[in-house]
Each structure stands twice: as C-alpha cells, then as structure tokens.
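Only one structure is covered here, and it is reproduced in the block below.
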Amino acid sequence: MRRVTGLAARTISSSVAINSRLTQSMAITTISSSEPISRRFGGLPEIKTPSFAGGVAGVVFFSAAAVSSLGQEVHAKEMAQKFNPKEVVLYQYEACPFCNKVKAFLDYNKIPYKVVEVNPISKKEIKWSDYKKVPILTVDGEQMVDSSVIIDSLFQKMHPEISKSEDDEETKWRKWVDNHLVHLLSPNIYRNTSEALESFEYITTHGNFSFTERLVAKYAGATAMYFVSKKLKKKYNITDERAALYDAAETWVDALKERPYLGGSKPNLGDLAVFGVLRPIRYLRSGKDMVDNTRIGEWYSRMENTVGEPSRIKE
C-alpha cells in the first residue's frame with residue numbers, strides 16, 4: 001500500500017489535514033480510545049442460527065441455548081424491576097471495541113438505549129462533555145465514561161447486593177481482554193492491503209462521515225493504519241498476528257473448561273467483554289479465519305443467540 005492512484009490519490013493529497021485528524025480519532029487507532037491503546041473496532045453482525053456438531057453433543061448444546069434463552073427472558077424482567085432508567089444514550093463510534101463491550105452488556109440485559117454516532121473528526125456530538133473520547137454513556141442525564149467503568153457502574157445499579165472481588169475469575173479475564181486481546185485486533189484487520197481496505201469499507205459505511213471524510217478514510221486511513229499495525233506488532237512483540245489471534249481464541253476456550261460460558265450456565269461480564277470485542281471482526285476475513293481455525297465458533301454462536309437482538313432504540 002505504498003501508492004494510491006486516481007481519485008483517491010488526488011483526494012488524499014488535498015486532504016492532508018483531515019487525514020491527520022482522522023487517523024488520530026478513527027476507531028482502532030492508538031490515539032482516540034477510552035483506554036490508552038489501539039483498540040477501536042466493533043460492530044453488530046447479523047444474528048445467525050448457530051451450527052453445532054451432530055449427535056448427543058449437538059442436542060446438549062441446542063438444549064443449553066434454549067434454556068439460556070428462556071432464562072434470559074426471566075433475567076430481563078427481573079432487571080427491569082431493579083433498574084429501569086428513563087433514558088440511556090450511548091455516544092460511540094460504530095467501529096469501536098469498547099463501545100461494543102458496552103452495547104453487548106446493554107443488549108444482554110435488554111436495556112433500551114439510544115445511539116449517537118460521533119464524527120471522529122469534528123466530535124461535535126460530544127462538545128458538551130469535558131471527556132473527548134468514546135464511549136460516553138448517559139443514564140437519565142448522568143455521564144459515565146470508560147467502557148469497563150461504565151459496565152461496572154451499570155452492574156452495581158442492577159445488583160446492589162453483590163460486591164465484586166478484584167481477584168475472581170471474571171475480573172481476571174476482563175483484564176485479559178483489555179490488556180491482551182484488544183492488542184491483536186489492529187495487526188489482524190490491517191494485516192495486508194486487501195484486509196485494510198475491507199476494514200475501512202466497514203468503518204466508513206457505518207460511521208458518521210461526510211462524503212470527503214469517507215473517501216479519505218477508506219484510502220488514506222487504510223494506508224496509515226496498515227503501517228501503524230506494523231508498529232503495533234513490534235510494540236507488543238507479535239511475530240505472527242494470525243497465530244497470536246488463534247492462540248488467544250484457544251486460550252479463551254480453554255478458560256471455559258467445557259462450560260457453556262465462563263459464567264457457567266449463563267454469560268458473565270467476562271463472556272460479554274470477549275464477545276463485545278470480537279463481534280466487529282467476526283465477519284471480516286480475520287474473524288472468519290479465527291472461527292475456521294480455532295474452537296471458538298460454538299461459544300461465539302451461543303453468545304450471539306443468548307445476547308439476542310440489539311436493544312438499541314431505532315429512530
């Protein structure tokens with residue numbers, strides 16, 4: 001990706017200032033993030049019916065999914081009685097792993113929320129806030145920031161009787177997501193020219209961009225992030241980005257210890273964190289490769305069905 005020709009090249013050369021700001025604030029860059037690392041990719045794939053192995057194992061998994069779905073309805077009703085805010089608004093970039101962590105939590109708990117898509121260049125949608133990163137969540141006017149803090153705060157509102165330990169299994173794997181798994185995203189989705197363009201095609205299609213910004217993002221942004229991903233590989237000692245992603249997926253499956261979820265019969269915050277971060281790449285080349293070459297597919301399919309349809313309010 002050393003040259004971009006034609007219309008893209010002319011647009012890039014005339015939009016250097018825009019590109020500079022864009023690559024600093026795009027989803028999955030090292031700059032604009034609620035946490036100080038390159039972790040900016042997310043999205044909502046279509047919900048698909050999981051495919052399990054045949055025989056007894058298939059029946060067991062199918063039954064577990066059905067029971068989990070029924071339990072989820074009961075869970076949602078119980079939560080509505082404990083936590084029933086009038087207005088929840090998420091300020092986000094659609095292609096942001098941390099925003100998707102928050103959305104996974106909201107969707108699983110069936111908490112209706114509005115979405116405000118933030119323009120990554122002007123950020124005019126969050127000029128009212130002193131905090132200039134996403135996600136920002138407002139609950140009946142109360143501002144919450146930082147994905148993990150947001151989730152902890154919401155969880156505490158929903159479960160005031162539960163005191164969380166910093167040493168439990170759930171917390172361990174949530175930290176693993178933020179400190180390891182997210183570092184593997186950019187090197188994989190920007191691994192080569194075609195994957196970088198595929199990623200920015202998704203970002204520009206779902207993000208809040210003007211026509212010019214969309215054009216610059218797709219070509220100049222993809223070019224910039226291709227080289228940034230190489231630096232990230234070096235920074236985090238990643239030799240083979242695909243192998244590292246596969247290893248992380250297998251590590252997660254091992255952590256389940258043959259349980260349907262880390263939480264046992266139903267997902268916990270660890271499951272939702274991994275699912276939220278991986279949801280964006282699932283249907284990109286990197287995500288397809290991950291599912292094809294590791295054992296994570298069955299767990300991911302169970303999570304898709306259990307989290308269910310987005311509880312996002314469509315305007």
Side-chain angles (χ1 to χ4, degrees), residues 41-52 61-80 82-83 85 88 90 92-115 135 137 147-148 150-155 157-159 170 173-174 176-178 181-182 185 202 206 249 252-253 255-256 259-284 287-288 290-291 295-314:
F41 203 80
L44 290 172
E46 62 180 309
I47 304 302
K48 297 187 177 181
T49 303
S51 175
F52 301 117
F61 281 129
F62 179 80
S63 299
V67 171
S68 177
S69 177
L70 179 60
Q72 175 64 6
E73 293 181 10
V74 176
H75 168 77
K77 292 180 180 178
E78 291 177 348
M79 290 306 100
K82 295 182 180 180
F83 179 67
V88 177
L90 176 65
Q92 66 150 25
Y93 301 146
E94 184 67 26
C96 162
F98 303 113
C99 297
N100 276 274
K101 280 172 55 183
V102 174
K103 286 191 289 189
F105 180 89
L106 295 171
D107 293 340
Y108 173 66
N109 289 288
K110 307 306 177 190
I111 301 173
Y113 60 96
K114 297 179 181 178
V115 167
L137 190 75
S147 61
S148 293
I150 290 171
I151 291 170
D152 285 340
S153 298
L154 293 176
F155 184 89
K157 288 178 181 292
M158 297 167 63
H159 303 280
E170 179 183 76
W173 288 102
R174 290 179 68 193
W176 175 80
V177 170
D178 289 344
L181 183 59
V182 290
L185 298 186
Y202 174 85
H206 292 82
W252 173 248
V253 175
L256 299 177
R259 296 168 291 183
Y261 309 101
L262 186 70
S265 61
K266 62 182 181 180
N268 64 13
L269 298 184
D271 290 288
L272 293 172
V274 176
F275 177 72
V277 166
L278 292 182
R279 185 156 57 172
I281 72 168
R282 171 60 184 92
Y283 297 100
L284 295 177
K288 292 176 182 177
M290 176 185 68
V291 170
R295 298 170 292 153
I296 202 170
E298 289 185 352
W299 169 84
Y300 189 92
S301 293
R302 285 197 295 276
M303 286 297 297
E304 273 191 320
N305 281 279
T306 301
V307 171
E309 295 289 341
S311 55
R312 171 177 179 171
I313 299 172
K314 296 181 179 180

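What you see below is based on every heavy atom in this structure, not just the backbone, and it leaves out hydrogens, waters and symmetry mates.
Neither side chain, W173 nor D271, offers a donor N or O lying under 3.5 Å from an acceptor on the other. Between the side chains of S148 and K101, at least one donor N or O sits under 3.5 Å from an acceptor N or O.
Within the 4.5 Å cutoff, side-chain heavy atoms of I296 are placed close to those of L278. In this structure, P310 and K103 have side chains that are not in contact, with every pair of non-hydrogen atoms separated by 4.5 Å or more. H159 places none of its side-chain heavy atoms less than 4.5 Å from the side chain of F83. Contact of the I111 side chain with the M158 side chain is registered, since non-hydrogen atoms from C-beta on lie closer than 4.5 Å.
The OG atom of S147 sits 11.0 Å away from the CG atom of L137 when rounded to the nearest 0.5 Å. Within the model, atoms NZ of K266 and OH of Y261 stand 11.5 Å from one another, a figure rounded to the nearest 0.5 Å. To the nearest 0.5 angstrom, Y113 atom OH is 5.0 Å from S311 atom OG. Rounded to the nearest 0.5 angstrom, M290 CE and L284 CG are separated by 10.5 Å.
Summarising the local packing, NZ of K157 is surrounded by 12 or fewer heavy atoms from other residues, nucleotides or ligands at distances under 6.0 Å.
Taking every heavy atom of both residues into account, I281 and L185 meet most closely at CD1-CD2, 4.1 Å. When every heavy atom of L262 is checked against every heavy atom of G270, the shortest pair comes out as CD2-CA, 4.1 Å. Of all heavy-atom pairs spanning P135 and F98, the tightest one is CD-CB, 3.8 Å. The two atoms that bring G297 and V291 nearest to each other are CA-CG1, 4.0 Å, heavy atoms only. Taking both residues in full, the closest heavy atoms of A104 and G276 are given as CB-CA, 4.1 Å, listed atom of the first, atom of the second, then distance. Shown here for F105 and F155, the closest heavy-atom pair between the two residues is CZ-N, 3.9 Å.
Judged by distance alone, the side chain of R312 and the main-chain N or O of V115 form no donor-acceptor pair under 3.5 Å. Listed for the R282 side chain is no donor-acceptor partner under 3.5 Å among the backbone atoms of R279.
The aromatic rings of W176 and W252 lie parallel to each other, with less than 30° between the two planes, well short of the 60° mark.
Between K110 and E309, none of the side-chain N atoms (NZ, or NE/NH1/NH2) sits under 4.0 Å from a carboxylate O, so this pair counts as no salt bridge.
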Pair W299-V274, side-chain contact (heavy atoms from CB on, under 4.5 Å): steps then yes or no: CA-CA 11 Å; W299 169 84; V274 176; 3.6 Å; yes

Does the pair R174 and D152 meet the rule for a salt bridge (Lys or Arg N to Asp or Glu O under 4.0 Å), with working shown? CA-CA 11 Å; R174 290 179 68 193; D152 285 340; 2.7 Å; yes

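The side-chain contact (heavy atoms from CB on, under 4.5 Å) test with L154 is passed by exactly one of N109, L106, V88: L106. Considering N100, V307, I151, V102 in turn, V307 is the only one that fulfils the side-chain contact (heavy atoms from CB on, under 4.5 Å) rule with L272.
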